[in-house]
Trainee: 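Below: one structure in structure tokens.
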Amino acid sequence: MLDIQLLRSNIQVVVDALASRGMRFDPAPFQTLEAKRKDLQTRTQDLQARRNALSKQVGQLKSRGEDASAVLAEVGGIGDELKANEQTLAALLEELNALLAGLPNLPHKTVPVGRDESGNVEVLRWGTPRSFAFEVRDHVDLGAGLGGLDFETAAKLSGSRFALMRGGVARLHRALAQFMLDVHTREHGYTEIYVPYMVNEASMFGTGQLPKFEEDLFAVHRGDEGRFFLIPTSEVPVTNVVRGELLAADALPMKFVGHTPCFRSEAGSYGRDTRGMIRQHQFDKVELVRIEHPDNSWSALEELVGHAEKILQKLELPYRKIVLCTGDMGFAAAKTYDLEVWLPAQNTYREISSCSNCGDFQARRMQARVRASGQGKNEFVHTLNGSGLAVGRTLVAVLENYQQADGSVRVPEALVPWMGGVEVIEPVA
RNA sequence: GGAGGCGUGGCAGAGUGGUUGAAUGCACCGGUCUUGAAAACCGGCAGGGGUUUGCGCCCCUCGUGAGUUCGAAUCUCACCGCCUCCGCCA
């Protein structure tokens, strides 16, 4: 959520910044609402002040045993008008709020301007894609050969865009997640956190999935007692840990790492990545979340991306790092780095991590603040999140990059201890 | 699922219709004292919003939302959450 003060004082800044994201924002409706609000709020508050003063008089008169009927008659007349004003004002504020809640975050000044993904800027390439002396297989074929990836059975159980893993591949999947958790907790100082996979509406609003992106979510209904939403990323529950909190300055930074499944309806992406487990309704992700003091969030973003990169480096998977341009960023982000891993079968780099600083955008929605240390004002915290990494896609990358001519797959050296010493996953006969 | 209890400021905890946004303690901030620190003492200290060049003035908020009333932390209803006991249960 943007700061309404900014829209009041300098709406052109907002219009321009949103334009760089490819969004046409017409300031007129906001300004009309805002003018009405100002007028109505002033009048309402005047009425409230009068009522309060007169009611106070009644109390004084009665405590002295005097007659209060004249004052009572006067204050009685205020009631109806006041109530009407209060209701109109509440509706108006709600409308303003809804308008505000629908606006995406403003890009940080260091974000390259661009209209779509073609405007993204590569900042780093790490590792050299391996050359193969045989024809590479994609993870679907490899997984089938290993008896470890079974999309047909998953489809029987649930439908398309679900995966079922067995044996060595299932173990590899588990090992990857454990490995990531261990690296981030032991080497990068994150606190492991376990969170609910279903959250309420307020949490989805807090991180920005609602109200605009409901179609991307799975909802779980509980009769007429309301509904939960399956988390599309652990960013949602983990970040919302601080919702509604006023934190002590020394409570920051908070660094969490969580491993959860993620559920996405993938509405509107019917034709894309239909083969294999690149784009699933359910996938696992190890997520890094940081709650930072506003002064530190930008250096924290660089650090966080580095932590995600470290996993790829340890697994010796070639990747590149790009900065998303203004037109390609997510709703809540002020700046985003994507990490893309090399997939030999696709002969290209594919997204495996997305790391963002959301600035105070989510914090304002969540009302998550940090107490000022000295005289200053309490401030909204800054929230950051990044995949460290998407486990399913990491599995795909390992299978494809470490495949051998006979269809077996070597286990990356760094991962062997998490595989109980297994160094190669062999095809089934 | 049944029975009972409880939600007040950063924390603990008073307050059961009237100048109470709220005692007290702790924490925190500033100061006195001290070589420095601690202790002691003095002072400050909820959040959000409106308006104002500023001083300030005003409004809202005691889990959330409705209601009763001239007036609600206090009374009524609904909802949410937490605790205790019983039942069930991975």
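Throughout, a chain's letter reflects where its sequence line sits, starting with A, and its residues are numbered from 1. Side-chain atoms are counted along with the backbone in the values below, which use heavy atoms only and exclude waters and symmetry mates.
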Trainee: Without decimals, in angstroms, what is the distance between L246(A) CG and A27(B) P?
Mentor: 19 Å
Trainee: Check every strand shown and say whether Q5(A) touches a base, only sugar-phosphate, or nothing at a heavy-atom separation below 4.0 Å.
Mentor: sugar-phosphate
Trainee: On the 0 to 90° scale, with breaks at 30° and 60°, tag the H188(A)-Y190(A) ring pair as parallel, tilted or perpendicular.
Mentor: perpendicular
Trainee: For G25(B), which nucleotide in any strand shown is its Watson-Crick or wobble partner with both distances under 3.5 Å?
Mentor: C11(B)
Trainee: For the side chain of R364(A) and the backbone of M1(A), is there at least one donor-acceptor N/O pair under 3.5 Å apart?
Mentor: yes
Trainee: If pairing requires Watson-Crick or G-U wobble contacts with both distances under 3.5 Å, which nucleotide is the partner of U19(B)?
Mentor: none
Trainee: Determine the interatomic distance between P on G18(B) and the same-named atom on G13(B); round to the nearest Å.
Mentor: 25 Å
Trainee: In the structure shown, which nucleotide is the Watson-Crick or G-U wobble counterpart of U53(B), with both distances under 3.5 Å?
Mentor: none
Trainee: Looking at R275(A) and D138(A), is any side-chain nitrogen of the basic one under 4.0 Å from a carboxylate oxygen of the acidic one?
Mentor: yes
Trainee: Please state whether the rings of F218(A) and H281(A) are parallel, tilted or perpendicular, taking 30° and 60° as the class boundaries.
Mentor: perpendicular
Trainee: Roughly, in whole Å, what's the span from CD in Q57(A) to P in U69(B)?
Mentor: 21 Å
Trainee: Does R37(A) pair with E34(A) as a salt bridge, N-O distance under 4.0 Å?
Mentor: yes
Trainee: Whole angstroms only, please: what is the CZ-P distance between R243(A) and G63(B)?
Mentor: 18 Å
Trainee: Answer yes when K314(A) and E187(A) have at least one side-chain N-carboxylate O distance shorter than 4.0 Å, and no when they do not.
Mentor: yes
Trainee: Distance between the C1' atoms of G81(B) and G15(B), in whole angstroms?
Mentor: 23 Å
Trainee: If you take any heavy atom closer than 4.0 Å to RNA chain B, which residues from residues 36-52 of chain A end up in contact?
Mentor: R37(A), K38(A), Q41(A), Q45(A), Q48(A), A49(A), R51(A), N52(A)
Trainee: With rounding to the closest Å, how many angstrom separate the C1' atoms on U64(B) and U84(B)?
Mentor: 24 Å
Trainee: Does D284(A) come within less than 4.0 Å of R174(A), counting only side-chain N to carboxylate O?
Mentor: no
Trainee: Find the partner of U34(B): check Watson-Crick (N1-N3 plus N6-O4 or O6-N4) and G-U wobble (N1-O2, O6-N3) distances, both under 3.5 Å, and reply none if neither fits.
Mentor: none
Trainee: Taking atom P in both G7(B) and U76(B), compute the distance separating them and give it to the nearest angstrom.
Mentor: 14 Å
Trainee: Salt bridge or not for K321(A) and D338(A), using N-O below 4.0 Å?
Mentor: no
Trainee: May I have the distance from E81(A) (atom CD) to C70(B) (atom P), rounded to whole angstrom?
Mentor: 17 Å
Trainee: Under a 3.5 Å cut-off for both contacts, is C6(B) paired Watson-Crick or G-U wobble with anything, and if yes, with which nucleotide?
Mentor: G81(B)
Trainee: Please give the nucleotide sitting opposite A46(B) as a Watson-Crick or G-U wobble pair, both distances under 3.5 Å, or none.
Mentor: U61(B)
Trainee: Distance between the C1' atoms of U53(B) and G17(B), in whole angstroms?
Mentor: 43 Å
Trainee: In whole angstrom, what separates D250(A)'s CG from G10(B)'s C1'?
Mentor: 11 Å
Trainee: Would you mind telling me which of G10(B), G18(B), G48(B) lies closest to the side-chain atoms of R369(A)?
Mentor: G48(B)
Trainee: Could you measure between the two C1' atoms, the one in G49(B) and the one in A12(B), and give it in whole Å?
Mentor: 29 Å
Trainee: Go ahead and name the base partner of C75(B); Watson-Crick or wobble counts if both distances stay under 3.5 Å, otherwise write none.
Mentor: G67(B)
Trainee: I need the NZ-P distance between K56(A) and A72(B), as an integer number of Å.
Mentor: 13 Å
Trainee: Return whichever of E86(A) or L54(A) has its heavy-atom-nearest nucleotide of RNA chain B closer to the 5' end.
Mentor: E86(A)
Trainee: If you measure from the Lys or Arg side-chain nitrogens to the Asp or Glu carboxylate oxygens, is any gap between R264(A) and E266(A) under 4.0 Å?
Mentor: no
Trainee: For nucleotides A23(B) and G10(B), find the distance between their P atoms and express it as a whole number of Å.
Mentor: 14 Å
Trainee: From CD of Q367(A) over to P of A46(B), roughly how many Å is that when rounded to an integer?
Mentor: 18 Å
Trainee: Between U24(B) and A46(B), how far is it from one P atom to the other, in whole Å?
Mentor: 13 Å
Trainee: If you only use heavy atoms from C-beta on, which nucleotide in G10(B), U68(B), G18(B) is closest to the side chain of K83(A)?
Mentor: U68(B)
Trainee: Rounded to the Å, how far apart are L61(A) CG and G17(B) P?
Mentor: 20 Å
